[in-house]
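A quick write-up on the structure given underneath.
Proteins come first, then strands; the chains are lettered A, B, ... in the order of their sequence lines, and each starts at number 1. Both backbone and side-chain heavy atoms feed into the values below; hydrogens, waters and symmetry mates do not.
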Protein chains: 2
Amino acid sequence: MKKKTELSIETTEMARVLKALGHPVRLYIIQKLSKMNACCYSGDLVDEIPVGRSTLSQHLKELKFAGLIQGEVEPPYIKYCLNKGNWEEARKMFNELFTENEQL
Amino acid sequence: MKKKTELSIETTEMARVLKALGHPVRLYIIQKLSKMNACCYSGDLVDEIPVGRSTLSQHLKELKFAGLIQGEVEPPYIKYCLNKGNWEEARKMFNELFTENEQL
DNA sequence: ATATCATTTCGTTATTTTGCGAAATAAAGA
DNA sequence: TCTTTATTTCGCAAAATAACGAAATGATAT
């Protein structure tokens, strides 16, 4: 078959999530939020991660855009937490990726 | 603490794998190999994926570099299969990422 | 030796990503 | 009002990525 199908929305969407996770700084943040089941502040992170404030802010923005985290304004801080719903979605996608089955 | 620790090797390495998966074409290939528990040829893929031969070749190279697949020369073809060992490693890493626990 | 076949490498171009510091914002305190 | 504090946005430069077609490779068949 010489179909040249478009790649499915599901694959494209999952790749987007994987891409968002595919940077050490962003993965570190997600690991922290996931493992500790906690939230954190940009100011905490900047002391732990070897990157400047504005750069960190960019990464947070990307994670937010990918739907993996959400920010709650708590002046003068912003509290970042996992987006639980989307995180659960991601977990399911990953599970499926690692589960063999006959159809595609 | 104003430590600015280096990010761990584990996090950096896992980010590398995620990054390799974070492109629709590469993810499609891995999905196919994983779900069908099969191998495939570049020539098959080029008919299914909307991308040129040389571009596809580049993506295969990246997946190989990331350790996710391996190519077996079968002239005039090259048979690409999942690198089972590393794939299992990845599965474990992902599982851990989605598992809450207190320490970091 | 030459032609064919699947695939890769090369050279190039366009786009995206990463990172930084300076300036902007937004809220609260003096 | 003028600071201070936490964070983001802006503007920029450097590096990485993605994509392509043309040329190269390596193996086989004529």
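At least one side-chain nitrogen or oxygen of A/His59 sits closer than 4.0 Å to the OP1 or OP2 atom of C/dG19. For D/dA19, the OP1/OP2 oxygens have no side-chain nitrogen or oxygen of B/Thr55 closer than 4.0 Å. For B/Arg26, a side-chain nitrogen or oxygen approaches OP1 or OP2 of D/dA18 to under 4.0 Å.
Every pair passing salt bridge (Lys or Arg N to Asp or Glu O under 4.0 Å) that includes a residue from residues 88-98 of chain A is listed here, sequence neighbours excluded: A/Glu88-A/Arg91, A/Glu89-A/Lys92, A/Glu96-B/Lys35. Annotation: salt bridge (Lys or Arg N to Asp or Glu O under 4.0 Å) contacts involving residues 10-24 of chain A, sequence neighbours excluded, comprise A/Glu13-A/Arg16.
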Going by atom type alone, with no hydrogens or angles, which donor-acceptor pairs under 3.5 Å involve a side-chain atom of residues 61-74 of chain A and a protein atom two or more places apart or on another chain?
{"unit_1": "A/Glu62", "atom_1": "OE1", "unit_2": "A/Arg26", "atom_2": "NH1", "d": "3.3"}
{"unit_1": "A/Glu62", "atom_1": "OE2", "unit_2": "A/Arg26", "atom_2": "NH1", "d": "3.4"}
{"unit_1": "A/Glu74", "atom_1": "OE1", "unit_2": "A/Tyr41", "atom_2": "OH", "d": "2.8"}

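The stretch residues 67-81 of chain A comes close to DNA chain D through A/Pro76, A/Tyr77, A/Ile78, A/Tyr80, each having a heavy atom under 4.0 Å from the strand. Of the residues in residues 15-25 of chain B, those placing a heavy atom less than 4.0 Å from an atom of DNA chain D are B/Lys19, B/His23, in numerical order.
Closest to the side chain of A/Ser42, from the set D/dT7, D/dC20, C/dC20, is D/dT7.
A continuous path of ILVMFWY side-chain contacts below 4.5 Å connects B/Met93 to B/Leu21, so both sit in one hydrophobic cluster. Residues B/Tyr77 and B/Leu33 are members of separate hydrophobic clusters, defined by side-chain heavy-atom contacts under 4.5 angstrom among Ile, Leu, Val, Met, Phe, Trp and Tyr.
Under the disulfide bond (SG atoms under 2.5 Å apart) criterion, A/Cys39 pairs with A/Cys81, not counting sequence neighbours.
One atom, CZ of B/Arg53, and another, P of D/dC20, lie 12 Å apart when rounded to the nearest Å.
Contact annotation for B/Gln58: no contact, since no heavy-atom pair falls under 4.0 Å across all strands.
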